[in-house]
Amino acid sequence: MEFSIKQGSPEKLKCGCLVVGVFDGGKLSKAAQMIDKVAQHALSDLIARGDMDGKAATTLLLHKLPGVATERVLLVGLGKAGELDNKTSLDILRATFCAVNATPAKDATLYLTDEGVGKDAVWILKQAVLTAAEQVFRADSLKSKPAKAAALKSVTFATLDKPTAALKNTLEQTAATTRGMALTKTLANLPGNICTPTYLAAQALALGKAHKSIKTTVLEEKDMQKLGMGSFLSVTRGSEQPAKLITLEYCGADKKQKPIVLVGKGITFDTGGISLKPGADMDEMKYDMCGAASVLGTLQAVAEMGLKLNVVGVIPTCENMPSGKATKPGDIVTSMSGQTIEILNTDAEGRLILCDALTYSKKFNPDTVVDIATLTGACVIALGHVASGMFSNDDKLAKELIAAGDQAHDRIWQLPLWDDYQPLLDSNFADMQNIGGRAGGTITAACFLARFTKDYRWAHLDIAGTANLSGKNKGATGRPVPLLTQYLINRTAAK
Ligand code: BES
Ligand code: MN
Ligand code: ZN
């Protein structure tokens with residue numbers, strides 16, 4: 001999908017579909033007024049007849065208006081001017097692209113940013129780009145007869161006034177974000193028999209090949225053995241697939257500048273191990289590598305944008321399988337940090353691979369570390385599918401992440417990391433156990449990770465409820481790539 005922005009008069013434009021707004025009560029937007037004038041009041045007439053009342057997210061498609069160069073004009077209801085909340089703005093954008101995508105138009109031109117539709121022009125532009133890309137994304141590469149690709153190939157945002165530099169910048173950056181999200185979604189939707197740890201490593205190496213600014217390294221199990229990653233290696237014991245520890249180093253600033261490290265959980269399939277999961281919906285555990293996929297998507301976006309900062313991606317990846325060799329409940333392992341862990345439930349494996357990756361991350365002398373993981377079912381119970389869970393040992397970082405999530409509409413909600421929860425992880429036989437019981441399951445998982453992140457500024461994102469949809473709309477969402485890229489963009493502006 002191509003995106004562009006330009007200034008121009010709506011009646012003179014040639015394109016497959018021209019989109020102009022109508023406010024509640026039938027008041028025409030400026031662009032709609034210009035169309036109405038040349039089209040012998042066709043728009044005012046149909047509004048007077050009651051065919052369009054401007055209610056938010058309603059649409060009306062018109063063909064071959066007299067005096068108008070373009071083939072189709074789509075009227076979109078914008079609701080009450082100046083009173084739009086974010087959700088209604090998004091409903092309008094979804095309805096708009098849904099209506100455009102129902103036509104054979106290859107290109108569309110939208111007049112939506114001029115008159116304060118929604119929060120502000122930058123926000124609307126960003127969400128329009130994300131919505132357009134979302135609707136043309138297909139996940140049918142493994143069908144023998146893939147569905148027809150979307151007709152829409154290019155979207156132009158037209159403005160009556162000269163577009164600002166901020167708008168142009170937002171367009172470029174959000175377009176790169178959508179390509180990063182597409183990579184994330186494509187990888188995440190692949191089944192576990194294709195997307196193995198070896199496959200993820202190959203993808204990371206390919207990203208390094210495609211971008212000079214990215215250097216990819218892949219460590220093998222024997223390397224991890226030498227590093228003392230007994231916790232990570234305990235998870236892969238039951239699998240026939242070799243585990244990998246992938247690092248991607250993006251260098252966009254002076255080498256001496258401390259990097260922001262993103263650590264992504266890469267369990268390519270989570271059966272639960274010996275603590276086997278129940279059968280229903282177990283297929284969705286192919287999505288247990290969404291943290292890893294979001295790190296790859298974010299790094300691709302960052303490299304395309306050429307952001308002036310240093311970012312490192314660290315991806316511990318393996319399968320969690322039962323077998324004669326698999327780790328058993330009660331087994332005790334030694335993590336890279338030296339701390340010992342009693343594994344009471346082999347299904348709490350994410351924290352076991354992450355803790356060693358977090359200890360390993362110290363070697364990059366990080367400014368900040370953010371880990372991203374489909375870590376707990378309890379997070380889905382707590383926050384549903386709207387917000388990702390967030391924990392941090394640094395209030396400033398927490399605030400920056402929350403702000404970036406709001407800006408990108410990829411929202412997070414902070415949960416407590418208080419020491420009061422720590423005793424739930426006490427073990428009679430080791431330094432800690434890997435589960436804290438049912439109560440506060442998301443929090444005790446984060447508290448476990450906190451024991452390995454004391455030496456740097458750190459945040460943890462639990463994306464179990466937001467990385468993928470279930471049921472009829474089953475599929476990866478590409479979250480939290482918008483949040484992560486926005487945070488990184490903001491970090492370059494702060495310097
Ligand atoms: N990958 C799962 C978490 C998960 C569950 C993600 C549902 C998405 C949807 C994780 O490895 C896991 O199994 N967690 C356990 C932890 C428990 C054993 C303490 C869980 O949430 O049940
Ligand atoms: Mn698990
Ligand atoms: Zn898992």
Side-chain angles (χ1 to χ4, degrees), residues 188-189 192 195 197 200 231-232 234-239 241 243 263-294 315-322 326-331 341-357 371-389 415 421 424-427 432-449 460-471 474-477 479-480:
N189 285 327
C195 186
L200 277 185
S231 184
F232 181 5
S234 76
V235 177
T236 194
R237 282 187 63 84
S239 171
Q241 293 288 337
V263 181
K265 173 177 172 184
I267 296 289
T268 58
F269 197 84
D270 181 11
T271 66
I274 296 298
S275 313
L276 194 65
K277 284 182 181 296
D281 299 326
M282 206 210 269
D283 67 290
E284 290 189 21
M285 283 302 127
K286 71 176 183 179
Y287 290 117
D288 215 15
M289 39 60 78
C290 279
S294 75
I315 297 174
T317 174
C318 69
E319 289 181 332
N320 186 21
M321 299 288 282
T327 295
K328 304 167 290 299
D331 286 1
I341 304 163
E342 184 185 16
I343 300 174
L344 289 183
N345 189 320
T346 63
D347 197 12
E349 85 298 339
R351 61 199 81 181
L352 296 175
I353 70 169
L354 287 171
C355 70
D356 280 343
D371 79 73
I372 307 104
T374 47
L375 202 63
T376 64
C379 192
V380 191
I381 302 302
L383 298 174
H385 304 284
V386 176
S388 306
L415 296 164
Y421 293 97
L424 293 168
L425 295 170
D426 286 347
S427 156
M432 69 192 88
Q433 56 190 39
N434 77 326
I435 52 168
R438 267 168 61 82
T442 305
I443 299 173
T444 48
C447 284
F448 180 95
L449 298 179
H460 158 60
L461 300 176
D462 193 330
I463 58 167
T466 54
N468 65 282
L469 304 173
S470 310
K474 193 188 288 180
T477 60
R479 291 177 69 182

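Whatever order the structure lists them in is the order used to number ligands and atoms, beginning at 1. Along the sequence shown, residues carry numbers from 1.
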* To do: Check all N, O or S atoms of Asp270 and name the one closest to the Mn ion (ligand 2).
  =>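 For Asp270, the N, O or S atom at the smallest distance from the Mn ion (ligand 2) is OD2.
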* To do: Measuring from the Mn ion (ligand 2), name the closest N, O or S atom belonging to Glu349.
  =>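 Per the distance ranking, Glu349 contributes OE1 as its closest N/O/S atom to the Mn ion (ligand 2).
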* To do: Please test Thr346 against Thr327 for side chain to side chain donor-acceptor pair (under 3.5 Å), starting from the C-alpha separation and ending with a verdict.
  => CA-CA 7 Å; Thr346 63; Thr327 295; over 6 Å; no
What's the spacing between [X] [atom1] and [Y] [atom2] if we round to 0.5 Å?
| X | Y | atom1 | atom2 | answer |
| --- | --- | --- | --- | --- |
| Leu276 | Met282 | CG | CE | 4.5 Å |
| Met285 | Thr268 | CE | OG1 | 13.0 Å |
| Asn468 | Thr374 | CG | OG1 | 8.0 Å |

Taking the side chain as C-beta and beyond, is there a heavy-atom pair between [X] and [Y] under 4.5 Å?
| X | Y | result |
| --- | --- | --- |
| Leu352 | Ser234 | yes |
| Phe448 | His460 | no |
| Leu375 | Thr442 | no |

* Candidate list Ile341, Ile353, Leu354, test side-chain contact (heavy atoms from CB on, under 4.5 Å), partner Ser231, passing option ->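 One option only clears the test, and that one is Ile341.
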* Asked: Given atoms OE2 of Glu349 and OD2 of Asp288, what angle do they subtend at the Zn ion (ligand 3), to the nearest 10 degrees?
  ->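 Rounding to the nearest 10 degrees gives 100°.
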* Asked: From the Zn ion (ligand 3) out to just under 2.8 Å, does an N/O/S atom of Ala373 turn up?
  ->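 Within the cut-off used here (under 2.8 Å), Ala373 places no N, O or S atom near the Zn ion (ligand 3).
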* Using a threshold of 4.0 angstrom between heavy atoms of the protein and any atom of ligand 1, which residues qualify? ->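 Near ligand 1, by chain and number: Lys265, Asp270, Lys277, Met285, Asp288, Asn345, Asp347, Glu349, Arg351, Thr374, Leu375, Thr376, Gly377, Ile435, Ala464.
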* State the atom name: nearest N, O or S atom of Asp270 to the Zn ion (ligand 3). =>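 For Asp270, the N/O/S atom sitting closest to the Zn ion (ligand 3) is OD2.
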* **N/O/S atom of Asp347 inside 2.8 Å of the Mn ion (ligand 2), strictly under** =>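 An N, O or S atom of Asp347 is closer than 2.8 Å to the Mn ion (ligand 2), so yes.
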* **Nearest atoms (heavy-atom pairs only) where Leu344 meets Gln433** =>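 In terms of heavy atoms, the two residues are closest at CD1-OE1, 3.3 Å.
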